[in-house]
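Input: a single structure, listed below in structure tokens.
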Amino acid sequence: MAPRTRRNAFPKVVIERDSESEQSSSSSDDDDDNGEEPLSDSEGEEVVAAAAAGSGKEEKMEEEDAAVKKKGKAPITISLKKVCKVCKKPGHEAGFKGATYVDCPMKPCFLCKMPGHTTMSCPHRVATEHGVIPAPLRSTHSPLEYVFQRQLRPKIPPIKPAHVIPNQVCCAVIRYHSRFNPVNDGTIYAASSDGTISCIDLETGLSSSLMNLNPDGWQGPNTWRMLYGMDINSEKSVVLVADNFGFLYMVDTRSNHKTGDAIMVHKKGSKVVGLHCNPVHPELLLSCGNDHFARIWDMRRLEARSALHELPHKRVVNSAYFSPLTGCKILTTAQDNRLRVWDSIFGDLDSPSREIVHSHDFNRHLTPFRGEWDPKDPSESLAVIGRYISENFNGAALHPIDFIDTSNGQLVAEVMDPNITTITPVNKLHPRDDVLASGSSRSLFIWRPNWTSEAEEQKDERRIVICGNAEKTRKKGFGDDSDDDDMDGGFKSKGKKTKSLKLEVRESKSALVIAKANGET
DNA sequence: ACTAGATGGTTCC
DNA sequence: TGGAACCCCTCTAG
């Protein structure tokens, strides 16, 4: 209706239908020159109309018309063809078919980022090793070591403990919101996106401010400093934090005052997202950030451009951790869908010992994924990390939590629960108990091994698939469960019914801490 | 049952 | 160098 009433001053509207023969033009000076690609000639708002197949076409066109009146642009093609929502081209469709995601064939593989195949047929997806890129031989130092690596090592049976995978949900909290930060015994040091560090006493609930990077308040985004990376060096009694402009700050935990000047540890203006103090060598600090680098620093000589080593990545580095027992290995998670492992910080650090392709290429709405070491693994090879792309699991699209042997890239276990459909980018294993805490910004789950009922193993033996029962709106056992006593530094809710709690999972030195704060406090 | 919007790194101009 | 457009598997309020 509306298009017919338009005058010559309004742009021509060409409608393309799903079948090529059915074409109509609503403009008065119709010249049928619509051989172009349906959506190639305009700004993109026509896509909306194109997607609106079926009902409401006329209303859509009226809206379209109104938009055109405002802009006075010409000409516009409205396509009623179905187009791929990813590449906007007809002939195929991407998206979920049931619980299976069908990839757009026009895009590179969503997993390994290489062209020529889709995620479904990606060699890294179907390979047993889950896509490991082996260490280059030049990482060996001497001919002797080369011989050892090549000829002797494979014959030595690896001492690999049987990994215990916490795979059953024992309590779950969905919908919580909180930003605290690391915890140390009865106190929490919190680094905040408002640029402050505060110290909170868990007994009294009182907090004191240690540092404020925005003393003048909001002066615009160019000056507002936000804290991201944080760790505590208890040996040196300092809290280390880093901001979104590439600078590192230190606060003495005894005097609760800032020590020294800010040090530029990453490219000026780039976000420093992770700090980790070496668990064995207190003088070593690891940082990572948005400038695509992870850097190893000597705490005794901390100044700009004085890093001991620079570990380059292809994309932003989400996290970087020393290994928990010897502190000799490094595990990083980068946004190029690769976990990287350096086997020895005292060896050749020019290139990673291994790159493991793994889907953690988060979209911007998610907390960045962080691969973390299993602190109980004496071989320092097991790592846990949430997976971004989903798997069709009995008709449900689930995002498992992967346990990966970083020595060979093998997927040891994938943990999931049919009731948990959310992505869990942050996962933490308990330092001694077989407990996994996993969560995102809005949810938290505690997993334990399923000893009572046998885990349902798929025919594929290398994988363990779990069926559990999570209570979606209410947690059970947490706080009432005496086993939780061993959560160092955490505090129980003393038998109270736990309703809406704020939760934060964090580690302090070697301990997993689950801090719970009642909304009242 | 549907969609807009929050959100941030990257790329292109 | 800065601004704008772009972006594949979210999540949820409306």
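Note that the coordinates shown come from a computational prediction; the quantities given were computed from them, not determined experimentally.
Rounded to whole angstrom, the span from the CZ atom of A/R315 across to the P atom of B/dT10 amounts to 6 Å. Per the geometry, CZ belonging to A/R387 stands 17 Å off P belonging to C/dC9, to the nearest Å. The distance from atom CG of A/L366 to atom C1' of B/dA6 is 12 Å, rounded to the nearest whole Å. Here C/dC8 presents its C1' atom at 15 Å from NE2 of A/H117, a figure rounded to the nearest Å. As a whole-Å value, the separation of A/H313 NE2 from B/dT10 C1' is 18 Å. Rounded to an integer number of Å, the gap from CD1 of A/I423 to C1' of C/dC8 is 12 Å. Going from atom CD of A/Q335 over to atom P of C/dC8 covers 14 Å, rounded to whole Å. For the pair A/F369 CZ and B/dG8 P, the computed distance is 17 Å after rounding to whole Å.
Using a 4.0 Å heavy-atom cutoff across all strands shown, A/P368 reaches no nucleic acid atom at all. Backbone-only engagement by A/N290 is indicated by non-hydrogen atom pairs under 4.0 Å involving sugar-phosphate atoms exclusively. Note on A/F362: nothing from the nucleic acid sits closer than 4.0 angstrom, heavy atoms only.
Between A/R364 and the phosphate of C/dC11, there is no side-chain N or O to OP1/OP2 separation shorter than 4.0 Å. Of the side-chain N and O atoms in A/H365, none sit less than 4.0 angstrom from OP1 or OP2 of B/dG5. Checking the phosphate oxygens (OP1, OP2) of C/dC9, no side-chain nitrogen or oxygen of A/K85 falls inside 4.0 Å.
A search for side chain to side chain contact (heavy atoms under 4.5 Å, CB included) contacts involving A/F293 returns A/H266, A/D291, A/R295, A/E310, A/P312, not counting sequence neighbours. Remark: A/D103 pairs with no residue by the salt bridge (Lys or Arg N to Asp or Glu O under 4.0 Å) rule, at least two apart or across chains.
Judged by distance alone, the side chains of A/H358 and A/N337 never bring a donor and an acceptor atom under 3.5 Å apart.
Relative to the side chain of A/K271, the nucleotides B/dT10, C/dC8, B/dG9 differ in distance, and B/dG9 lies closest. Nearest to the side-chain atoms of A/V316 among the listed nucleotides B/dT10, C/dT10, C/dC11 stands B/dT10.
Aromatic ring pairs are classed by plane angle as parallel below 30°, tilted from 30° to 60° and perpendicular above 60°; the pair A/H276 and A/Y321 is perpendicular.
B/dT7 and C/dG14 are spaced 15 Å apart, taking the P atom of each and rounding to whole Å. One P atom belongs to C/dA5, the other to B/dG5, and the distance between them is 16 Å to the nearest Å. Comparing C/dC9 with B/dT11, their C1' atoms are spaced 23 Å from each other, to the whole Å.
In this structure, CG on A/N244 lies 9.5 Å from CG on A/N290, to the nearest 0.5 angstrom.
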